[in-house]
Engineer: 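Sharing a structure here in structure tokens format.
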Amino acid sequence: MRLKILGSAAGGGFPQWNCNYRLSRAARAGDGGVQPRLQSSLAASAGDDRGWVLFNASPDIRQQISDTPELQPAADAPLRSTPIRAVVLTNADVDHLAGLLSLRERQAFHLYATARVLDVLAENPIFRVLDPAYVRRLPVTLDRPFAVEGPDGATGLTAELFAVPGKVALFLETGAAAADFEADPEDTVGVRITDAGGRSAFYVPGCARVDPALLHRIEDGDALLFDGTVFTDREMAEAGVGEKTGRRMGHLPIADEDGSLQALASAGIARRVFVHINNTNPILDQRSPERRVVEEAGWEVAFDGMEIAL
Ligand code: MLT
Ligand code: MN
């Protein structure tokens with residue numbers, strides 16, 4: 001299987017349009033140690049002739065397709081065509097579903113998500129731009145592997161969605177923790193992607209906590225692409241850009257006590273990659289001590305266009 005990171009930044013991208021923090025400024029200035037990044041999305045393929053499955057559709061999807069020849073119509077393909085055969089969503093946050101609006105134009109693909117996430121689409125009439133005659137919305141049951149198909153059959157990939165600690169989409173928050181956090185296991189999921197040879201990758205771009213169930217589940221994976229939103233829980237406040245902690249946003253910090261470095265240290269997984277990186281996270285600077293910390297702990301930091309062959 002081939003995995004391609006289409007966007008390694010969290011919601012807002014990097015630099016974010018209105019962000020004047022030092023990291024966004026450095027990226028805008030063309031500082032080579034601080035690469036710009038598009039918003040969170042992953043593509044996977046079982047082989048070049050099998051097409052591609054997108055995991056999340058970011059608001060930057062048009063740019064991501066422009067940057068990725070594999071996702072463009074082949075020279076000998078029909079006048080309207082795409083190698084993108086299916087899209088799988090892991091939650092209903094804007095950074096993961098707004099790109100669906102750019103996939104209109106009466107092009108067939110399958111759309112998979114939990115019933116809860118599909119309900120969010122159903123309640124927002126703008127998503128009717130995806131004509132149901134072309135785009136089938138397929139509800140996925142948690143913990144049940146399914147063959148990911150496109151309109152013309154199998155993609156050669158199997159996916160399994162599983163609940164991870166998290167919350168509803170930001171724009172659906174009520175402010176009441178009991179309603180916003182873990183009220184419904186279908187709000188935030190991780191996905192296990194497996195090919196016919198049994199190689200598998202876990203993609204978990206949002207996760208509020210590593211619990212024993214998650215640790216156990218990822219044991220036999222070949223790669224883990226995990227929530228790297230913030231380095232420390234209070235990073236946004238310390239940067240002066242906002243009051244919210246990482247945990248309040250549903251994102252486990254990397255470095256604090258019980259952060260992902262510590263919580264996942266014992267996971268027997270060969271390749272570990274941080275994805276969904278916020279514009280305040282110091283690991284965005286390749287020269288930073290924080291970047292060294294994650295690399296010395298055996299983690300990679302995703303960048304746009306990063307390929308992982310399993
Ligand atoms: C998140 O991951 O916390 C969300 O993408 C936030 C947002 O919607 O901007
Ligand atoms: Mn996000």
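Atoms within each ligand, like the ligands themselves, are counted from 1 in listed order.
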Engineer: Only one of Thr245, Asp227, Asn278, Asp233 passes side chain to side chain donor-acceptor pair (under 3.5 Å) with His251; say which it is.
Structural biologist: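 By the side chain to side chain donor-acceptor pair (under 3.5 Å) criterion, His251 pairs with just one of Thr245, Asp227, Asn278, Asp233: Asp227.
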Engineer: Starting from the Mn ion (ligand 2), look over the N/O/S atoms of Asp95 and name the nearest one.
Structural biologist: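 Closest N, O or S atom of Asp95 to the Mn ion (ligand 2): OD2.
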Engineer: Does Arg80 pair with Glu105 as a salt bridge, N-O distance under 4.0 Å?
Structural biologist: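 Salt bridge between Arg80 and Glu105, a charged N being under 4.0 Å from a carboxylate O: no.
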Engineer: Taking NZ, NE, NH1 and NH2 as the nitrogens, is one of them in Glu300 or Arg272 under 4.0 Å from a carboxylate oxygen of the other?
Structural biologist: no
Engineer: With a sphere of 6.0 Å drawn around CD of Glu307, does it hold more than 12 non-hydrogen atoms of other residues, nucleotides or ligands?
Structural biologist: yes
Engineer: Under the 3.5 angstrom rule, does the side chain of Asp95 hit a backbone N or O of Gly11 as a donor-acceptor pair?
Structural biologist: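 Between the backbone of Gly11 and the side chain of Asp95 there is a qualifying donor-acceptor contact (under 3.5 Å).
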Engineer: Do the charged groups of Glu70 and Lys4 touch, with an N to O distance under 4.0 Å?
Structural biologist: yes
Engineer: What are the distances between nitrogen or oxygen atoms of ligand 1 and protein nitrogen or oxygen atoms, counting only those under 3.5 Å?
Structural biologist:
residue  : atom  : partner : partner atom : Å
ligand 1 : 2 (O) : His251  : NE2          : 2.8
ligand 1 : 2 (O) : His276  : NE2          : 3.1
ligand 1 : 3 (O) : His251  : NE2          : 2.9
ligand 1 : 5 (O) : Asp95   : OD1          : 2.9
ligand 1 : 5 (O) : Asp95   : OD2          : 3.0

Engineer: Does the shortest distance from the Mn ion (ligand 2) to an N/O/S atom of His96 fall below 2.8 Å?
Structural biologist: no
Engineer: Looking at Arg287, I'd like to know if its CZ atom is crowded, meaning that more than 12 non-hydrogen atoms belonging to other residues, nucleotides or ligands lie closer than 6.0 Å.
Structural biologist: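 Count over threshold, so yes.
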